[in-house]
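First the structure, in the form of structure tokens, and then the observations on it.
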Amino acid sequence: MLELSTIRDHFEQAVEGLAKRGITDAESLLHDIVDLDQQRRDKQSDLDQVLAEANAKAREIGSLIKSGEKELAESAKVETSTLKSRAKQLQQELHDLQEKQKEALYHIPNIPNDGVPAGSSADHNQLVSEWGIIPQLPKPASPHWDLIKQYDIIDFDLGNKVTGAGFPFYKGSGAKLVRGVVNFCLDQAEAAGYQEVQPPLIVNEASGTATGQLPDKEGQMYAIVDSDHYLIPTAEVPITNMYRDTIIDPGNLPIKNVGYTQCFRREAGSWGADVRGLNRLHQFDKVEIVQISHPDQSYQALDEMCQHVAGLLQQLEVPYRILNLCGGDLGFTSAQTYDFEVYTAGQEKWLEVSSVSNFETYQANRLKLRCRGENKKNFLLHTLNGSALAVPRLLAAIIENNQSQDGIKIPPVLVPYTGFEMITT
RNA sequence: AGAGGGUUGGCGGAGUGGUCGAACGCGGCGGUCUUGAAAACCGUUGUACCGCGAGGUACCGGGGGUUCGAAUCCCUCACCCUCUGCCA
């Protein structure tokens with residue numbers, strides 16, 4: 001969530017920034033929060049004063065009892081009753097104000113960075129760069145959903161029977177290909193200085209709240225019945241939450257972790273004609289890179305992460321383009337996001353395989369992730385993450401782009417991981 | 001899953017109703033001594049909120065309660081340990 005100091009000290013910028021997301025009533029929303037904050041401070045002052053008085057009274061009674069002055073003590077006890085009820089009332093009011101303020105802040109998304117273009121939808125995303133040669137396949141080129149059947153490497157029908165839509169089986173070379181891509185991505189991340197972690201696939205409510213999946217967005221996640229737990233929609237959640245409630249020594253920055261996990265997403269309401277095959281799944285494999293950065297270094301880190309992702313796609317020889325997401329397409333918690341889309345020659349479509357974001361202090365504020373600063377001034381760090389990479393759509397691109405009469409050619413860099421060069425019938 | 005015992009500052013560990021934000025030890029930081037280091041000695045060392053400041057308030061796993069007063073008593077939830085059960 002946004003920091004109160006940001007809202008107070010950079011009010012105009014905050015309003016302008018949120019306008020880029022299409023939030024037109026930001027000014028009144030932020031005014032309410034500042035107003036609420038003032039009420040909260042006043043209430044706290046009142047309460048502190050009453051509590052100070054009550055504490056003094058209690059000490060007094062204590063010493064009276066000790067010196068045996070029972071009657072004085074008894075009469076003093078009577079005096080405390082008004083203080084007590086007043087304190088209780090103020091406490092309740094303060095608590096309510098705090099909750100109200102938190103609630104209000106939870107519903108305000110991050111302020112887009114200056115470099116984020118304005119715009120209401122994906123149409124306004126800014127093309128940053130494009131790499132690779134669009135394959136010219138002899139017509140008709142097949143989409144991957146036909147090819148995977150032809151070579152029997154990914155089985156949606158089986159998934160439908162065993163689980164439901166969006167939960168395919170990967171079989172034989174298909175399964176090996178997934179494993180190969182994952183291992184390739186992990187090795188590359190490790191070489192780039194990321195420490196591998198294998199996080200839990202289920203998280204609690206506090207974790208979901210800290211990274212911004214909760215509240216309100218629980219519809220995206222699968223919830224565990226009767227236990228306040230959720231299947232992770234991305235490894236970002238557990239890996240970033242490793243650092244919840246921590247104070248980091250500046251010498252340990254930046255912190256770089258990579259994790260491979262299955263990701264589970266309900267994707268409620270998003271099932272239509274153009275989300276066929278591997279384009280959108282309820283369960284998919286993803287390697288995620290996560291950085292904790294000093295605020296001064298975080299945009300440099302964002303660039304570095306983008307370059308890492310670009311390097312992966314180049315090695316895999318998949319044509320891609322990079323988009324600078326506009327305000328309207330930006331995730332709730334992100335200050336800036338670059339999407340990587342790969343070209344799929346069978347569908348003749350671009351598919352997102354990576355999303356690299358800087359959250360600045362938005363998550364850190366919820367996480368209470370601070371850095372030890374000079375003379376006791378601790379400050380919030382910046383969190384970043386990116387897919388490196390999401391497997392199914394990458395497979396879609398590899399399968400479609402590398403199809404030929406002879407089979408599907410595996411990118412050379414993956415061959416040591418798969419153990420075969422071609423997928424054939 | 002059942003029974004019992006626990007959860008205290010960066011770590012270890014005292015503390016069972018008042019002067020306890022918390023003994024003591026370790027670690028960290030600063031200093032004395034030393035050519036330098038070690039040892040020894042002295043000092044210092046949690047987080048957040050309110051306040052211009054002096055200062056005040058809250059926090060001893062989370063939440064609630066009893067009491068003039070709670071780290072300490074009660075309820076509840078979470079987690080940890082031991083034994084039994086089960087399982088890979």
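Protein chains get the first letters and strands the later ones, always in sequence-line order, with residue 1 at the start of each.
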Remember a base hit wins even if backbone is also touched, and classify [X] as base, sugar-phosphate or nothing at under 4.0 Å, heavy atoms.
X	result
A:Arg59	nothing
A:Asn204	nothing
A:Ile247	sugar-phosphate

Want to settle it: does A:Gln44 or A:Thr80 sit nearer the 5' end of RNA chain B, counting the closest nucleotide to each? A:Gln44
A:Gly115 backbone acceptor or donor facing A:Asn324 side chain under 3.5 Å: yes
Return the orientation label for the A:Tyr320 and A:Phe340 ring planes: parallel under 30°, perpendicular over 60°, tilted otherwise. tilted
Check every atom of [options] against the side chain of [X] and return the nucleotide holding the closest atom.
X	options	answer
A:Ser45	B:G65, B:G51, B:G69	B:G51
A:Ile65	B:C68, B:U57, B:U47	B:C68
A:Lys84	B:U67, B:C49, B:G51	B:U67

Look at [X] and [N] and indicate whether a side-chain polar atom (N or O) is within less than 4.0 Å of OP1 or OP2.
X	N	value
A:Lys43	B:C49	no
A:Asn55	B:A58	yes
A:Arg372	B:G10	no

C1' atom, B:C41 versus B:U34: distance in rounded Å? 14 Å
